[in-house]
Student: 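This structure is in structure tokens; I'll ask about it shortly.
Values below: every heavy atom of this structure, side chains too, minus hydrogens, waters and symmetry copies.
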Amino acid sequence: MSSKSTKILLLMSVERTLKKLVSGVILDLDGTLLNTDGVVSEILKAFIVKYGKQWDGREAPKIVGKTPTEAAAAVVEDYGLPLSTDEFLSQFYPMLSDQWRNIKALPGANRLINHLSGHGVPMALVSNSSRSNIETKIFHHQGWKESFSAIVGGDEVKAGKPSPEIFLEAAKRLNMDPSSFLIIEDSIPGVTAGKAAGMAVVAVPSLAKQSHSYTSADEVITSLLDLQLEKWGLPAFQDRIEGTLSLEPWYIGGPVIKGFGRGSKVLGIPTANLSPEGYSALLSEHPTGVYFGWAGLSARGVYKMVMSIGWNPYFNNTEKAIEPWLLHGFNEDFYGEELHLVVAGYIRPEVNFSSLEALIAKIHEDMKIAERALELPQYLKYRDDPYLKISLHQDN
């Protein structure tokens, strides 16, 4: 095939996948770039227990993406707190403000900001939070403030999301047509506002199992790690290696527990399950999906592993589970043994499958990808991580 024919085929492929040509990006902050929802939930638990109530997250859809006043009113009403909305805010927000400097960036946030900034793509940051609160939240995230050509807070417009005003104001400050923007949002009010502003919207839902509610978004993805900018005519990420994305390593460990009883029996894939108890904050930081890295068993050694985090939609789990698969043949179970994991990379988002056979085939494909990738220097180095070595000596 001639080089001209190859170029034509490539252009045709791009045209088929291109959703809309944009030239600027507007990013939401809370729940999209920062793990604000996890921090809010932890503080709400501590706050309402003083009134004999228990926060269990069921009301989260009523506060995500809302203005502070709207969110406060919803909590006061739903839990029957003996406070006015203003009293709630005056007590709750100082507790929250103390934690703003500790709010972590969500996976993929720094990658996205650095990539767009490096390619000179105009960016704006918008939030229903006040401008001063936005500044405080991003202060400790290096390079963020300088990367945005405009920052718009909820107190700088007459109406916050779901009104489109805040997005239109951002476009005005960048002196660009609203239709030339792609918005990345985690909340339904944000998606509604973006579409009303005449902009393309990618939704990254921050609420578990709520993707079906984002029907007005142009695209719904699991996390920023899955964002494909080339679909919108923006410069594509070029950092995937052998089908994987390198991550800042993170760590999780505990005794191996009995899982759902389907790993060996149904899938033919024995998993070494970990209890999610005590890891709620960690699990809120990391999106569902398939990861890989190294596993250290206290009495055995260090092994390659591939791991799913999520709800396993084929089996419709009722709770978020951590299911590592150690890529080694063991002759017996090792329930109760201490297992430490160093998670070094990401493969793909969690998806549903039409059949058990398709699920099993994909799991084996994930295994092969992890096996190959863990031989690469950037992943192989974590085999000697002290966290794995500590686990090996705990019982010796």
Student: With under 30° as parallel and over 60° as perpendicular, where do the rings of F237 and H115 fit, or are they tilted in between?
Tutor: tilted
Student: Is a side-chain donor or acceptor of S180 paired with a backbone partner of M176 at a separation under 3.5 angstrom?
Tutor: no
Student: Are Y303 and F330 an aromatic pair, judged by ring center distance below 6.0 Å?
Tutor: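 Close enough - the centres of the two rings lie under 6.0 Å apart.
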Student: Measure the spacing between CD1 of I184 and CG of L27 and express it to the nearest 0.5 Å.
Tutor: 5.0 Å
Student: Indicate yes or no: does E156 engage R173 in a salt bridge with an N to O separation below 4.0 Å.
Tutor: yes
Student: For K304 and E371, indicate whether the former's side chain and the latter's backbone hold a donor-acceptor pair under 3.5 Å.
Tutor: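 Confirmed, K304 side chain pairs with E371 backbone.
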Student: Whether the S84 and D86 side chains hold a donor-acceptor pair (N or O, under 3.5 Å, no angle test) is what I'd like checked.
Tutor: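 S84 vs D86: no donor-acceptor pair found between side chains.
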Student: Decide ring-ring contact (aromatic ring centres under 6.0 Å, His included) for F88 and Y79; before the verdict, give the C-alpha distance in whole Å, the side-chain angles of both, and the deciding distance to 0.1 Å.
Tutor: CA-CA 12 Å; F88 176 89; Y79 285 90; 9.7 Å; no
Student: Between W325 and I363, does the side-chain contact (heavy atoms from CB on, under 4.5 Å) criterion hold? Intermediate values first, please.
Tutor: CA-CA 10 Å; W325 178 21; I363 293 174; 3.7 Å; yes
Student: Hey, are K145 and E135 close enough for a salt bridge, meaning a charged N less than 4.0 Å from a carboxylate O?
Tutor: yes
Student: So, applying side-chain hydrogen bond (donor to acceptor under 3.5 Å, both in side chains) with D218, which one of K20, K195, K19 is it?
Tutor: K195
Student: Consider only side-chain N and O atoms of D28 and S127, and report whether a donor and an acceptor are under 3.5 Å apart.
Tutor: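 Not at all, the side chains of D28 and S127 share no donor-acceptor pair under 3.5 Å.
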Student: I'd like to check L174 versus I26 (side-chain heavy atoms, cut-off strictly below 4.5 Å). Are they in contact?
Tutor: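 Heavy-atom side-chain distance check fails, nothing below 4.5 Å.
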Student: Taking the ring centre of each residue, are F292 and Y379 less than 6.0 Å apart?
Tutor: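 Judged by ring-centre distance (under 6.0 Å), F292 and Y379 do meet the cut-off.
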Student: I'd like to know if D226 and R348 make a salt bridge, using a cut-off of under 4.0 Å between side-chain N and carboxylate O.
Tutor: no
Student: Could you go through K161 and S187, starting from their C-alpha distance and side-chain angles, then the distance that decides it, and tell me whether this counts as side chain to side chain donor-acceptor pair (under 3.5 Å)?
Tutor: CA-CA 10 Å; K161 309 168 196 176; S187 72; 5.6 Å; no
Student: Show your working on salt bridge (Lys or Arg N to Asp or Glu O under 4.0 Å) between K231 and E219 and close with a plain yes or no.
Tutor: CA-CA 10 Å; K231 288 184 176 181; E219 184 180 20; 2.8 Å; yes
Student: Taking the basic N atoms (NZ, or NE/NH1/NH2) and the acidic carboxylate oxygens, is any pair closer than 4.0 Å for E365 and K362?
Tutor: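 The answer is yes: the pair qualifies as a salt bridge.
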Student: Under the side chain to side chain donor-acceptor pair (under 3.5 Å) rule, what do D155 and S130 come out as? Steps first, then yes or no, please.
Tutor: CA-CA 5 Å; D155 58 341; S130 68; 4.7 Å; no
Student: Measuring from L339:CG to L341:CG, what's the distance to the nearest 0.5 Å?
Tutor: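 Between L339 CG and L341 CG, I get 4.5 Å after rounding to 0.5 Å.
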Student: Check whether more than 12 heavy atoms from other residues, nucleotides or ligands sit under 6.0 Å from atom CD of E146, and answer yes or no.
Tutor: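 Enclosed: over 12 neighbouring heavy atoms sit under 6.0 Å from CD of E146.
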